[in-house]
Amino acid sequence: MQQKVRFQIEGMTCQACASRIEKVLNKKDFVESAGVNFASEEAQVVFDDSQTSAADIAKIIEKTGYGAQEKTEEALPQPEETAHVSWRLWLLLAINIPFLIGMAGMMIGRHDWMIPPLWQFALASVVQLWLAVPFYKSAWASIKGGLANMDVLVTIGTVSIYLYSVYMLFFSPHAAHGMAHVYFEAGVMVIGFVSLGKFLEHRTKKSSLNSLGLLLKLTPTQVNVQRNGEWKQLPIDQVQIGDLIRANHGERIAADGIIESGSGWADESHLTGESNPEEKKAGGKVLAGALMTEGSVVYRATQLGSQTLLGDMMNALSEAQGSKAPIARVADKAAAVFVPTVVGIALLTFIATWLVKGDWTVALMHAVAVLVIACPCALGLATPAAIMVGMGKAVKHGIWFKDAAAMEEAAHVDAVVLDKTGTLTEGRPQVAAVYCVPDSGFDEDALYRIAAAVEQNAAHPLARAIVSAAQARGLDIPAAQNAQTVVGAGITAEVEGVGLVKAGKTEFAELTLPTFSDDVWHIASIVAVSANGKPVGAFALADALKTDTAEAIGRLKKHGIDVYIMSGDNQGTVEYVAKQLGIAHAFGNMSPRDKAAEVQKLKAAGKTVAMVGDGINDAPALAAANVSFAMKGGADVAEHTASATLMQHSVNQLADALLVSQATLKNIKQNLFFAFFYNILGIPLAALGFLNPVIAGAAMAASSVSVLSNALRLKRVKIE
C-alpha cells in the first residue's frame, strides 16, 4: 500500500543538495515519487509501506549527508524559531571589518589603511582553518554523495586564494623583500559575504516566506475553562474535548465548538477570507482562531489542535508549500549540472587568462571570481519561494490549494465551468409552487409527506428545501427504508404505508407536466414525485443568485476567461440564469457523465479548464478538468477529487484563486529570469576580470536575497 510521508531536511545549502536527495530516493524501487523543496527544506516521499518504512527512508536521506525528521499531522505545525545571528557569524563579520577598511583605502589610493601582511595571515587563518569548517564539511558530504553543491565552489575558491597568499607571503622570491602580493582579504570577505547571505536567506525562508507562523498566533496560549463549576485560566494544551470555554470581546476562540450560551460577532476571515464578522448565538458553531469582535460566548469544545478546521488548514498549507511545481523542473535540471559546469569554466578561465596575460596570479583571481559568482541558490529558490508566498496569499483569501502543481495549472486557466445550484445561486432554494396529478389520490400535504420521507436521505439543496417546507407545515414525515441515490437522476426509498417512492427529474418519476401559465414553472428547478411507478406530483423550487455572482463573472470575463454553466437542471432554468449573468454558454439537463464529456471536449479544443462544483454529481467533471475547485462543506467526494477548496461558496473566490495563481506564476518566471540572467552575465564578467572575488562574493549573496525579496512582493500584489 502506498503511503505519503514528509520530512524536515537539515543541512541543505543549495538546490544541488535537494536534487541529490531526490535522485537517491527516486532510484529506490519502493519509492513511487520523491520531491525535495529547497525553500521549505522539506521532502515529500510516496513509497510502498509493505517494502520499507518512514524510518528507513529517513536513514537513506541521512546517508546522503543530511538530517531528516519525519513530520506528522497529529499535532499542529510548530512555529519556526526566529533566526538569530550566531557567534560564528558575529566573529566572522568582526574579522571582516579591518579588511573592509583596507579595501576602501585602496580604492582611494591609501594602501597604508590595509593591515600588515602578517596580521592579514593571522586573521585569514582563523577564518580559513576554523570559521570556514562548515563549508568544508558540507562540500565533502556533497562530493561523497556524488553531486557537488555551492559550498564546493566556495571551498575551492577560498582555499585556492589562501594557499596562494601563504605561498607568496612566506615562500616566493618577493617575500624576502616585503613585496609579495597577497589576497587574504579576498578569501576572508568571500566567506563573510556568503555566510551573511546564507543567514539572510535562512531568516527569510523561515519567517517572511512562510505563513504558518501568522496562523499559529491565532490560537490563544491561555483560555478560560470551567472545571468543577469554577472558571480557571489554563494553558491551551490542558483543554480537553467537552470542556466549556469562555471567549470574551477581543479574545480568540481556542477550539472548534458549539455555543452553549451568550452571543456576539466573530471574525473568521483567517479561514474563509470573508472580512465581515459572523453573528454567533446559542446552538451555533465557533471555529478555532476566530476573533470575538463583539459580545461574549461560552462554547463546548468539539475539536482540538490539528483536528480543528484551523489545524486542518495549517497542515494542508504546510504540505502544499512543501510540494513542487512542474516549472521547478527547469531549475532542477540546471542545478544538476551547474556546479561541475562552473568548475570547468573556472579551469578554462585560469588556463586562457594565464596564456593571454602571462600571469598566473591574475589567472587565479579570475578563476576564483568565476567560482564564487556562480551561485545555484538563486536558481533553486526561484520557484519554491514564490510558491510559498503565493500559497500563503491564497489561504488569506480562503483558498486551499492541494499542491504547487494545482496552483501552477490554475494560472493557465482560460475556461471556467460552473455548476448552478450552490455555486452561482444561494443553494437554499424554496418551494415556489406545487402540482398534484389529478386523481392520483395525493393532495399537497400527502405529496409533501412522501417527498420529504425520501428526500431526507439526500444532501442536495433541493431535497433540503422540500424537507424544510414539510416541517414548516407541521407534517408528520413517515419513515423510509432502503434509500438509493441514482446519480444525476434522483433518489428512491420504501416509504411506510405507501411503497416505492421516487423523487427527482421529471423523466425519472415518469411525469409529464402540463403547460403552466405561471412563469415560475419555466425557470424553476423541478422535483417530480412518483409512488409505485405512478407520477403523483411535482415541486417548483426557486433559488436566488448570490449577491456577488454577477461581479465575479465580470471579473473572470475581464481577464479573458470564458465562462460555462453546466447543470442538471432543465435547460430553461439554466438559460434564464445565464441570461441574468451575461454568460453565453449554458447547458442544462446534464448528467455527471455529460458534464465530464463536455469538459473533455473543451480540453480537446485547446482550453485549460477549471471546474467548480460542490455535489456528488460534480465529481466526474471535477476529475476531468485541468484544475478543479470544490466548495468547503459540500460533498466529501467533491472535496477529495478537487485540486483546491474554496472556503466561501462564492465564485469571487474562484476569481481570486485564478488571479493569485497568475501572479505567482509571473513571479516565478521573473525569479527564474533573474537567476539565469545573473549567472549568464556574472560568469563572463568574472572570467574577463571585471569582478574580483570579493565583489563576486557579495554579488552571489545578494542574488539569493534578491530572489527572495521579489517573491515577497507577492504579498503586496493586489488581486482585482
Side-chain angles (χ1 to χ4, degrees), residues 1-12 15-74 77 145-147 306 312 314-337 380 383-384 387-388 391 400-410 619-620 622-628 630 636-645 668:
M1 181 178 176
Q2 286 189 350
Q3 182 178 335
K4 185 174 184 179
V5 64
R6 293 185 292 146
F7 297 95
Q8 192 67 38
I9 307 298
E10 297 177 359
M12 292 194 297
Q15 181 59 34
C17 301
S19 298
R20 169 62 185 162
I21 299 170
E22 279 186 8
K23 185 177 179 181
V24 169
L25 291 175
N26 283 315
K27 280 185 176 179
K28 305 298 181 182
D29 294 336
F30 45 78
V31 173
E32 176 69 22
S33 64
V36 182
N37 187 316
F38 174 52
S40 64
E41 298 180 357
E42 181 175 305
Q44 296 192 12
V45 186
V46 179
F47 64 96
D48 185 348
D49 62 4
S50 66
Q51 298 185 53
T52 189
S53 65
D56 291 333
I57 298 289
K59 289 178 181 177
I60 294 171
I61 296 173
E62 288 167 359
K63 284 182 180 179
T64 64
Y66 307 94
Q69 182 68 40
E70 183 181 356
K71 300 179 74 171
T72 62
E73 294 189 0
E74 279 69 30
L147 191 67
S306 65
D312 184 38
M314 290 168 65
N315 281 315
L317 176 61
S318 178
E319 182 169 348
Q321 287 185 326
S323 64
K324 297 185 73 171
I327 196 172
R329 294 174 189 152
V330 176
D332 290 349
K333 290 178 180 178
V337 297
T383 298
I387 286 292
M388 290 180 72
M391 287 284 185
W400 299 9
F401 280 100
K402 283 188 177 178
D403 52 40
M407 173 173 266
E408 181 181 335
E409 189 70 9
L622 289 170
N626 296 92
V627 60
S628 50
D636 288 343
V637 66
E639 283 192 48
H640 180 75
T641 304
S643 312
T645 301
I668 289 172

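Bear in mind the structure is a predicted one, so any value in this text is a computation, not a measurement. FYI, the numbering just counts along the sequence from 1.
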Inter-residue atom distance [X].[atom1] - [Y].[atom2], 0.5 Å rounding:
X    : Y    : atom1 : atom2 : value
D48  : Q2   : CG    : CD    : 7.5 Å
L25  : E32  : CG    : CD    : 13.5 Å
E10  : I61  : CD    : CD1   : 11.5 Å
S628 : E409 : OG    : CD    : 10.5 Å
E42  : Q69  : CD    : CD    : 12.5 Å
M12  : E41  : CE    : CD    : 5.5 Å

Which residue is it: V627, D403, L622? I am looking for the one with a side chain to side chain contact (heavy atoms under 4.5 Å, CB included) to S643.
V627
Just wondering, are more than 12 heavy atoms of other shown residues or ligands nearer than 6.0 Å to CD in E70?
yes
Do [X] and [Y] touch side chain to side chain, with heavy atoms closer than 4.5 Å?
X    : Y    : result
E408 : I668 : no
V5   : D49  : no
I387 : F401 : no

Return yes if some donor-acceptor pair links the side-chain N/O of N26 with the main-chain N/O of A34 below 3.5 Å, else return no.
yes
E22 (side chain) donor-acceptor with V36 (main chain) under 3.5 angstrom:
yes
Measure across [X] and [Y] and return the closest heavy-atom pair with its distance rounded to 0.1 Å.
X    : Y    : result
F7   : A54  : CZ-O, 3.4 Å
M407 : M391 : CE-N, 3.8 Å
T64  : Y66  : OG1-CD1, 3.2 Å

